[in-house]
There are 2 protein chains.
Amino acid sequence: MANEEVILLDFWPSMYGMRVRVALAEKCVNFEYKEQNMVEKSSILLEMNPIYKKIPVLIHNGKPICESLNVVQYIDEVWKDKVTFLPSDPYEKYQAMFWADYVEKVFDTGRKLWNEKGGEKQTRKENYIDTLRMLEGILGDKLYFGGEKFGYLDISLIGICSWFYTYEKFGEFSTEVETPKIIAWMKRCIKRESVSKYVVEPLKVYDFALQIRKHYGIE
Amino acid sequence: MANEEVILLDFWPSMYGMRVRVALAEKCVNFEYKEQNMVEKSSILLEMNPIYKKIPVLIHNGKPICESLNVVQYIDEVWKDKVTFLPSDPYEKYQAMFWADYVEKVFDTGRKLWNEKGGEKQTRKENYIDTLRMLEGILGDKLYFGGEKFGYLDISLIGICSWFYTYEKFGEFSTEVETPKIIAWMKRCIKRESVSKYVVEPLKVYDFALQIRKHYGIE
């Protein structure tokens, strides 16, 4: 489509934002990236997502699309002539959507590894590894979550690749030992231009996590 | 489709379950309803929804579909020859999905009106009315949320009609005074056979709420 305006409001370490960046890149959609300050929120973010005030927000020809999984689905439907992310079979589509929602649990247990005070470190680690292992079971021996093709569930999880190092450092474990098939999947994914370009470098994310911990006095 | 087996695992006062019952009725799909005990969960529920162990679960030819909004979307895609719930335009579809997710906030603030101990009753009431009023703004002067047609967002919210009375009794307010357009919408909806048949009678729900409060010692 010509003369389209595609703007992405995003914050660089966000796994939710990375979903959208990778989805746009997979569809070869050019977009203007607008980095957001998540402490002092911009007027454009507040105007475009008044309900949740969160990134990512895709602004397509002036109209906002919020919530990252909604955005990925929207991108899949609007730019149809390239690859498709979601299967057309209703049951396969449902399964991709069900597990993409489950990724929230993985992100959430992962976040607790590095930015939560107190509590039992061992339990946090086990909770995270259990949720990731559940997804590893869904992946099985397939190349990608959807089979031969990089698709919706891969995109939903992809941002975690830039956070593995941070999780490992604070949780004191090896992702490769605990979930080797997930690491093999990651290695296949990062060969894709969309992923290598838009999924952030792990050490940068680790530095970010250290800064946040320092800011909130988490030791 | 002939020779189909459609089973619904459900629990009668559930607003999530009512979404699925109404969706199946709108599509004229015959189904076997299996009431579930939510205290002692059945082996079929645990087998069909091992991740969340929640109702509703639709079992279509032996395959489970979990999470009510997923189920409604699945029903919309599988039984296509009747009405459709979701718009085909990607932006309108996104809007319906965004607000259907928001309904969770309405259900959640509503639940706190009757089953939460302590806290500030006035605040709970205001929180609930604010979220419902937000949806009233989306409805505006339209017949249904999607316009002329009863659709996805209507189905997502429909179960609340059987809970309004309970919310009013414990919150001490009138839904008609606070959100008159929502009540007008409800009156249009209950003229539909799908809604009058499957959305439960408000006094039954109120009795259920009283029993739960008694059981958990909430005064």
Side-chain angles (χ1 to χ4, degrees), chain A residues 1 4 6 20 23 27 29 48-52 54 56-80 84-106 130-131 133-135 137-138 152-153, chain B residues 1 4 6 20 23 27 29 48-52 54 56-81 84-106 130-131 133-135 137-138 152:
Chain A
M1 290 177 234
E4 285 198 302
V6 182
V20 178
K27 295 275 190 173
V29 177
M48 290 292 153
N49 191 357
I51 301 291
Y52 301 115
K54 285 185 186 168
V57 179
L58 188 76
I59 310 174
H60 184 205
N61 296 330
K63 291 189 286 187
I65 302 102
C66 304
E67 298 291 283
S68 62
L69 291 178
N70 286 342
V71 180
V72 175
Q73 284 189 52
Y74 178 83
I75 291 168
D76 200 27
E77 293 198 359
V78 169
W79 289 280
K80 274 185 192 235
T84 54
F85 303 147
L86 275 162
S88 55
D89 173 77
Y91 196 72
E92 286 177 26
K93 183 174 175 180
Y94 152 71
Q95 287 178 306
M97 289 169 63
F98 178 87
W99 290 109
D101 286 335
Y102 182 85
V103 166
E104 186 62 35
K105 272 175 105 87
V106 185
D130 283 351
T131 59
R133 206 170 269 153
M134 179 68 77
L135 282 185
I138 300 304
Y152 186 71
L153 183 48
Chain B
M1 290 179 234
E4 286 198 300
V6 182
V20 178
K27 296 274 191 174
V29 177
M48 291 290 153
N49 190 359
I51 301 289
Y52 302 115
K54 285 183 186 171
V57 179
L58 188 76
I59 310 172
H60 184 205
N61 295 331
K63 290 190 286 190
I65 301 104
C66 304
E67 300 290 281
S68 61
L69 291 178
N70 286 341
V71 180
V72 175
Q73 285 188 51
Y74 177 84
I75 291 168
D76 200 26
E77 294 198 359
V78 169
W79 290 279
K80 275 184 192 239
D81 50 339
T84 54
F85 303 148
L86 274 162
S88 55
D89 173 76
Y91 197 72
E92 286 176 26
K93 183 175 174 179
Y94 152 71
Q95 287 179 306
M97 288 170 63
F98 178 87
W99 290 109
D101 286 336
Y102 182 87
V103 166
E104 187 62 36
K105 273 176 103 86
V106 185
D130 284 350
T131 59
R133 206 170 268 153
M134 179 68 78
L135 283 184
I138 300 305
Y152 185 71

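We use all heavy atoms of the structure for the numbers below, so side chains are in, but hydrogens, waters and symmetry mates are not. Within every chain, numbering begins at 1; the chains are lettered A, B, ... in the order of the sequence lines, protein sequences first and strands thereafter.
The backbone N or O of B:V57 lies less than 3.5 Å from no partner atom in the side chain of B:N49, so there is not a single donor-acceptor pair. The backbone N or O of A:D89 lies less than 3.5 Å from no partner atom in the side chain of A:Y94, so there is not a single donor-acceptor pair.
In terms of non-hydrogen atom pairs under 4.5 Å with chain B, the most contact-rich of A:K93, A:E67, A:Q95 is A:K93. Highest contact tally toward chain B, considering only A:K63, A:K105, A:M134, is held by A:K63 [criterion: heavy-atom pairs under 4.5 Å].
Only the side chain of B:Y52 comes within less than 4.5 Å of a heavy atom of chain A; its backbone N, CA, C and O stay farther away. Both the backbone and the side chain of B:P64 have a heavy atom closer than 4.5 Å to some heavy atom of chain A.
Counted by atom type alone, A:Y91 and B:H60 present zero donor-acceptor pairs between their side chains at under 3.5 Å.
Figure legend: cation-pi geometry between B:K27 and B:F85, with NZ or CZ positioned under 6.0 Å from the six-membered ring centre and within 45° of its axis.
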